[in-house]
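The structure appears right after this line, and notes come after that.
Order of the sequence lines sets the chain letters (A, B, ...), proteins ahead of strands, with each chain counted from 1.
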Amino acid sequence: MENMANKVARIPNLVDWSTGEVRLMSAKCNSCGTYFFPREHYQHRPGCSREGVENVLLPRRGKLASYTVQYYPCPAPFKTEQKITPYGIGLVEFENEKIQVAGIITNTDLKTLQLGMEMETTILDMYVNEEKQQVVTWAFQAVK
Amino acid sequence: MRDVYIIGTGIHPWTGFSETVFADFAAVAVDGALKDANIEWRRIQAIMAGIFIYGGNAGHLSGQYLESIFGETGVPVVNVYNACATGSAAIRMAYNSVAAGETETALAFGADVSPKGFLTAKSDNAVQDRDVIRWKMGGMPNPIYWALECRKRMAKYGTTEEDLALVKVLMSEYGAKNPHARFKKTYSLEEVLKSVYVCDPLRLYEICPVSTGAAAVIVTADKELIAKADKPVKINATTMGSAIYGDPTIRISALSCPAVPEAPMLSESYSASRQAYEKAGVGPEDIDVLELPDNSSWHYLVYLETCGFCKEGEADKMLRDGETKIGGKLPVNPSGGFSSHGEALSAQALWQVIECANQLRGRCGERQVQGAKVAMAQTYGLMGNSGTTILSI
C-alpha cells in the first residue's frame, strides 16, 4: 500500500486504513442484524431493542451491484484537484453483511464495468488542505 | 369524517430561475384559486403552507409571508416540509382540518424559486446533516441515484434505452399542449437518443431540471360554497407514506441500501398509494388518469409498478403498447409531467393535484382525457417521503 501517513479523510469515521488495507467503517446492530453505512445512519428493524450496536469494518472486497458514469463535474461542496470527470459511481454489495455501498470508481477502465464484477475498497486523492495533508475519500476499484 | 371538495385551484406557470420573491409567485396562485372558488380571502380558515427550503427565514415561514400579502386574519398557519412531497403534506393537512370539522374552508399552497444550478447540500455540517457526506465525498448529485436504480432495472427486466427515450417523447408531446408547462418543445426518439448522457444510462432529456413555480388549492366542506363552485372535485383520499424497513432502493442522500429486499421498492410510495386505495375504496383499475413523478424516465416506469398499475417489470410493455397515452387504457401525465415542468419542490405535488382536478373538470383542452371520473396524483420525495391523492367528480 502507498504511503498513507500524510492522508486524511475529508470527513472522519467513514474509511479506515489503520489495519494496512482500506476498509469502510460500518456499524452492526447485534439485535436486528442490520449493518449501517455511515455508522450513525441507523436503519434498525422495527421493534429492534437497538442494543449492542458495534463498530465494524466491512470486508475490503465486494461485487458490483450497479454503476453509472457521471459525465459532468459534481458541483460544490464536492472538491477535487484531479480531473476525474467522467467518473464512475458504483454500488458495491457486501454479501454477508447484506449491504450495498455507493462510492466513486477509480483506477478502472469504465468501459470494462460489468454487474457482478469483483471490486475492492480503496481511496481517492481529492485535494491538499491548508495543513499540506492529502485529503481523500473512499472509492472502489476493479480487482486486478 | 365528512366529505371535502376542491373548489378552487391556481397555478403560477412553471418557469426558470427568477429574482422575484417566492411569495409573489404564491400570491398569483392563491389569487387564481380564490377567483376559481369564487370566494373572498376572509373565507380561508386555515393556511397549510409548503416550506420553500431555499428561502431562509421567509421560506421556512412561507405561510406567514403569504398571509401578510393577503391580509393577516389570525387563522392557523402551519408550514410543512416533506421534500418533494411537501405539497402532499400541505393538502393532506388542509383536508384533515376540514374533514374533521376543525375548519370549513382551508388553503394549501406551495411556491418555490429554483436555486441557480444544482440542488446541493443545505448545510456544511456532516454531523447533523446526512446530506453532506454524499456531496463532499460521494460526488453524488440526485440523478446518480436514479441511474443506479435504472441500471439494475435494465439488467433485471430488459428495459432499453429506447424505452427511456420514449417516455420523453410522450411527455414532450403533452407538455407542448400545456400552458403551465415550462418546456414546450417536442422531441423525436432520435433526438432524445442523441442527447448527451448526464449519468449513463440516463440522458439530458430524460431527467427533469429544477424550476420555479407555485400552486394553490382551496378545499371546503361548506355546502353553500360547494353549490356555487364550478364543478367541485371530491377528495376521496389524500395520504402520506414513509419508507418500510428492507426497501432495497438507494434513497437520495443515503450512501448505502439493503442488499436483500424485505419490502417493495420505493416503499414510501407503495405505502402512500395503498393507504389511498383503501381509504378511497378504489383500486388501480378504477383510475382514469394518473399523474406520477417522472423525475427521470426510470421513475415513469417504476411508478406504474410501485402503484400497482401493472406487475413488476411490465411497465415497459404498457408504455410500448401505448396504454399510457391519452386515449389509452391508463393515460399517464397528460400534463407533460415533471419532464415538461421541472421540479418546484413545495409546489409540484399541488400542481399534480390541480392537473388531476382540471382533467376531471374538463378544462384541459388539447390534452384532455375524455370522460375522466377518477384521477390520482402520486408524489415522490427524498429520504422516504410520498403522498397520494385520489379525486373524483
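Side-chain atoms of H341(B) come within 3.5 Å of backbone atoms of G337(B) as a donor-acceptor pair (strictly under, hydrogens ignored).
Between R45(A) and E262(B) a salt bridge is recorded (basic side-chain N to carboxylate O distance below 4.0 Å). The existence of a salt bridge linking E149(B) and R151(B) is excluded, since no basic side-chain nitrogen approaches an acidic carboxylate oxygen closer than 4.0 Å. Salt bridge present: R153(B) and D316(B) bring a charged side-chain N and a carboxylate O closer than 4.0 Å. A salt bridge links K7(A) to D125(A): at least one charged side-chain nitrogen sits closer than 4.0 Å to a carboxylate oxygen.
A distance below 6.0 Å separates the ring centres of F36(A) and H44(A).
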- Step by step, work out the salt bridge (Lys or Arg N to Asp or Glu O under 4.0 Å) result for E120(A) and R61(A). CA-CA 4 Å; E120(A) 63 188 7; R61(A) 292 185 175 181; 3.3 Å; yes
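Looking at I250(B), only its side chain comes within 4.5 Å of chain A, counting heavy atoms on both sides. For V92(A), no part sits under 4.5 Å from any heavy atom of chain B, backbone or side chain. Using a 4.5 Å cut-off between heavy atoms, Y87(A) touches chain B through its side chain atoms alone. The parts of Q100(A) that come within reach of chain B are both its backbone and its side chain, each placing non-hydrogen atoms under 4.5 angstrom from that chain. Of the two parts of I89(A), the backbone and the side chain both hold a non-hydrogen atom closer than 4.5 Å to a non-hydrogen atom of chain B. Of the atoms belonging to I84(A), not a single heavy atom falls under 4.5 Å from chain B. Heavy-atom distances place no part of P248(B) under 4.5 Å from chain A, backbone and side chain included. Neither the backbone nor the side chain of A139(A) comes within less than 4.5 Å of any heavy atom of chain B.
Counting heavy-atom pairs closer than 4.5 Å to chain B, the top-ranked of the candidates C74(A), S66(A), S26(A) is S66(A). Per-residue heavy-atom pair counts under 4.5 Å with chain A were compared for I244(B), V260(B), L255(B), and the maximum is reached by L255(B). Looking only at heavy-atom pairs under 4.5 Å with chain B, the residue among I99(A), L115(A), N13(A), L91(A) that has the most is I99(A). Most heavy-atom pairs under 4.5 Å with chain A, from the set I133(B), L148(B), L202(B): that is L148(B). Your options are T34(A), T80(A), V15(A), and the one with the most heavy-atom pairs under 4.5 Å with chain B is T34(A).
Aromatic ring pairs are classed by plane angle as parallel below 30°, tilted from 30° to 60° and perpendicular above 60°; the pair Y380(B) and Y303(B) is perpendicular.
K185(B) forms a cation-pi arrangement with Y187(B), by the criterion of a distance under 6.0 Å to the ring centre and an angle within 45° of the ring axis.
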